Amino acid sequence: MYKGIAASRGIGIGSICRIIEQDLSFEAKLVEDTEAEKARFRKAIDEFIEETFAMADDVRENIGPQEADILMGHAVMIQDPAMSGEMVNMIETGQCAEAALTAVCDMFHGMFSGLEDEMMRQRAADIMDVKVCILKKLLGIEDIDISKVPQGTVLVCKDLTPSMTSQIVKENVAGIITEVGGPTSHSAILARALEIPAVLSVPGIVDAVSDKDTAVVDGTDGEVFVNPDGDVLSKFIIKREEFIKKKEELKKFMGRETLTADGDKLEVYCNIGTPKDAKKAMECDGEGVGLFRSEFLFMDNTHLPTEDEQFEAYKEAVETMEGKTVIIRTLDIGSDKDIPYMDFEKEENPFLGFRAVRYCLANQDMYKTQLRAIVRASAFGSAKIMVPLVTTVDEVRSVKKLVGEIKDELRREGADFDENIEVGCMMETAASTMIADLLAKEADFFSIGTNDLTGYTMAVDRGNAKVAYLYSAFQPAVLRSIRNIIECGRKEGIPVGMCGEAAADPLMIPLLMSFGLDEYSVNPVLVLTSRCIISKWSKAEADALAEKVMAMDNIEEIMATLKAAAKE
Ligand code: PEP
Ligand code: MG
């Protein structure tokens with residue numbers, strides 16, 4: 001068995017076809033007729049652009065617009081004067097086209113691949129893809145035609161580039177195995193869009209297998225079996241059938257309301273990190289955004305984002321959601337999440353320190369800029385404000401006071417905004433649990449952040465492996481916190497949601513239903529799964545399970561009981 005990165009879910013079983021890298025070596029020579037060399041170079045680029053546009057058109061039609069944009073990006077990249085212009089300059093000095101192309105692409109590749117940012121590193125991979133495609137044209141090397149592989153093929157290659165992926169005929173490729181690439185690489189994105197099981201980053205796999213070997217690709221667990229014995233094969237044939245059945249079952253939940261087995265209406269929202277993710281939330285049929293982490297605007301930046309920069313980002317998310325609720329969490333940063341231009345002081349205990357709403361209320365100019373941007377964006381749909389790390393009622397009052405002042409200012413300026421914009425409370429500290437009854441009188445809604453609530457309730461530092469066994473939202477202390485928060489919210493008649501990871505946990509969902517949670521905010525890809533699980537539980541069944549579990553005093557017993565009752 002080979003282990004790799006699970007990049008596209010599902011089980012693929014088929015016959016291996018290796019895509020061996022071709023020899024692209026060339027002899028760099030000096031050219032005398034630079035005009036002729038430039039023409040040869042231009043021809044290769046023109047052919048590449050023409051083919052890439054044609055491929056992008058196919059991809060747009062057969063896969064989707066976002067995937068087509070990846071290929072369009074390649075064509076745009078090579079036309080950038082910083083790239084092709086520099087290559088032409090080099091040819092004019094007498095370098096051959098192959099050498100000019102290689103030097104410039106390698107230079108940009110080196111620049112991007114050294115950066116931390118995953119997107120930038122992806123750009124580095126795209127540059128190499130473009131380089132290889134054009135180099136093949138210059139050297140007259142024909143590509144293997146991936147579009148011609150027979151049905152039931154498992155493609156094995158060093159790296160599956162977007163230009164290769166775009167030739168794939170979905171019906172014929174059962175699985176993909178590569179030696180490089182991560183879960184967010186473009187090849188992973190394309191494999192997921194094609195719904196082909198893929199395992200990436202399996203070192204040495206190309207040399208370890210032969211054409212026509214049988215392979216099982218488990219894209220859910222990131223495992224590969226080559227020439228498996230009968231037992232393994234039958235196990236995965238069953239697993240494949242179960243996966244297909246589940247996928248079909250989930251499709252039924254697209255475009256449907258979220259209803260319990262009794263027909264009670266609940267809501268599945270999405271957690272997003274950028275305005276672009278709102279598109280994903282819509283595609284995945286999220287009923288709103290339960291948590292828009294606004295930190296990205298501040299972290300992916302070299303300066304404090306201005307009011308207009310923030311406004312544009314919030315407006316984009318709100319407009320994309322077409323009137324569905326978008327809960328924007330105000331800046332949740334602190335000394336452990338360092339932002340170089342913000343000059344945080346180092347602290348002994350950053351998780352207990354000067355962060356989130358504490359930092360924001362102490363830096364009111366900065367905070368007002370953000371709040372103004374959110375309030376202005378509320379004119380374009382349904383935006384709500386959520387305050388992170390609340391520990392006192394006064395914090396909520398202070399934020400509401402600022403929002404009131406901002407509304408007055410905007411009224412005076414004649415700007416549009418939602419007069420009734422709500423201010424809610426992120427429930428993620430032990431203090432907020434203890435004063436949930438008081439907070440419920442001041443806040444317009446609650447959203448439970450179990451990621452932090454678990455840490456702060458259990459007094460566990462998530463980075464400390466020695467106490468990791470205590471970090472679970474299923475600990476009796478955390479379950480009691482969750483139940484209390486929901487009860488207090490319901491008593492005051494305010495909606496209660498959950499945006500921590502626990503909201504999507506199939507074992508947690510029946511407990512939350514029993515406690516009376518209204519809104520479950522999950523990763524967009526988990527919307528349908530969560531909706532499906534909710535549909536399987538009636539209130540009476542959930543209550544019976546919760547009653548049993550809430551009487552238990554240790555997590556082992558709780559987990560065993562929940563697993564035995566699970567409906568997946
Ligand atoms: C949480 O704490 O549960 C939460 C959703 O916020 P974050 O993970 O961004 O801290
Ligand atoms: Mg949190």
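All ligand and atom numbering here is 1-based and tracks the order in the structure. Computed from a prediction, not measured in an experiment: that's the story for all the values here.
Between K251 and E248 there is a salt bridge, since at least one side-chain N of the basic residue sits less than 4.0 Å from a carboxylate O of the acidic one. Under 4.0 Å is where a charged nitrogen must lie from a carboxylate oxygen, and between R490 and D518 at least one such pair does. Taking a cutoff of 4.0 Å between a charged side-chain nitrogen and a carboxylate oxygen, E223 and K239 do not qualify as a salt bridge. Under the 4.0 Å criterion applied to side-chain N and carboxylate O atoms, D365 and K368 are not assigned as salt-bridge partners. Taking 4.0 Å as the cut-off between side-chain N and carboxylate O, R376 and D308 count as a salt-bridged pair.
For ligand 1, the atoms sitting less than 4.0 Å from at least one non-hydrogen atom of L291 are 5 (C), numbered in the order shown with element in parentheses. Atoms of ligand 1 lying under 4.0 Å from any heavy atom of M426, numbered from 1 in the order shown and given with element: 1 (C), 4 (C), 5 (C), 6 (O). Short contacts between ligand 1 and C499, defined as distances under 4.0 Å to a heavy atom of the residue, involve ligand atoms 5 (C). Heavy-atom contacts of E428 reach the following atoms of ligand 1: 1 (C), 2 (O) (cutoff under 4.0 Å).
Checking only distances, T450 does come within under 3.5 Å of ligand 1, N or O to N or O.
Nearest N, O or S atom of E428 to the Mg ion (ligand 2): atom OE1. For D452, the N, O or S atom with the smallest separation from the Mg ion (ligand 2) is OD2.
Going from atom OG1 of T369 over to atom CD1 of I374 covers 11.0 Å, rounded to the nearest 0.5 Å.
For the residue pair Y314/Q370, the side-chain donor-acceptor check at 3.5 Å is satisfied.
Heavy atoms of R329 found under 4.0 angstrom from ligand 1 belong exclusively to the side chain.
The distance from the Mg ion (ligand 2) to the nearest N/O/S atom of D332 is not under 2.8 Å.
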